[in-house]
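Bear in mind the structure is a predicted one, so any value in this text is a computation, not a measurement. The first residue in the sequence is number 1, and the count goes up from there.
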Amino acid sequence: MTAWPYGTPQWRGLRNAKLSIQPLCEACLCREVVEPATVVDHILAIAKGGEPFPPLAQLMSMCAPCHNIKTNAVDHPNASGFRRALKGFDVDGNPIADEAWERAGGPPCGDAGPWAFAGREPPACLMAA
C-alpha cells in the first residue's frame, strides 16, 4: 500500500492538477532539456515540515531521475545538505539550485514563489510565462 498521503484521492487530484499545468520537468527545463514530468515533488518534504497537500506553487513537476537526485540530496533522512538538490546550470551558467536553500530552512514559497531560495531570483528559464 502507498504511504500516506500519496494514495489518497486528494493527493491524486493535486498531482494531476500540477502535471496538467506543468507537464515538463522543471529542473530539466532550466537546463533547456525537454523531459516529461512523471513525478510531483514537495519542494519542502513533509518529513521536514512541509504540508501534505500544499498549494501548487509548493510542488514541483519532475522527471524520475531529477526527483531521485533531489530526494537523495535534500529530503532523505541521511542527506548532508552539502549536495546540490538539482544538478546542472541554466543558460547563463548559474547553478539551478542553491546549496544554501536547505540550510536556510527551505524555500519560502508563498508570494515569492518556490524558486526564491535564500533570497535569489527565480532562474530565467522559469520567468517566461
What's the shortest heavy-atom distance between Lys18 and Ser61, and which atoms? CG-OG, 3.4 Å
Do Pro54 and Leu14 have side chains that get closer than 4.5 Å, going by heavy atoms? yes
Taken in chain and number order and not counting sequence neighbours, the residues that satisfy side-chain contact (heavy atoms from CB on, under 4.5 Å) with Leu24 are Gln22, Leu29, Val34
Would you indicate whether the side-chain heavy atoms of Val40 and Met60 approach each other to under 4.5 Å? no
Can you see which heavy atom on Lys70 is nearest to which on Met62, and at what distance? CB-CE, 4.0 Å
Could you report the tightest heavy-atom contact between Leu19 and Val39, atom names first, then the distance? CD2-O, 4.3 Å
Would a 4.5 Å heavy-atom cut-off, applied to side chains only, mark Pro5 and Gln10 as touching? no
Ile21 side, atom CD1; Asn16 side, atom CG - distance, nearest 0.5 Å: 12.0 Å
Checking Arg12 side chain against Tyr6 main chain: does a donor-acceptor pair fall under 3.5 Å? no
Least distance between heavy atoms, Cys63 atom then Pro36 atom: CB-O, 3.7 Å
Between Trp11 and Leu56, is there shared hydrophobic-cluster membership here, with clusters defined by ILVMFWY side-chain heavy atoms closer than 4.5 Å? yes
Considering all heavy atoms, the nearest Thr38-Arg15 contact: O-NH2, 2.6 Å
Intermediate values then yes/no, side chain to side chain contact (heavy atoms under 4.5 Å, CB included), Asp41 and Thr71: CA-CA 9 Å; Asp41 179 70; Thr71 299; 4.3 Å; yes
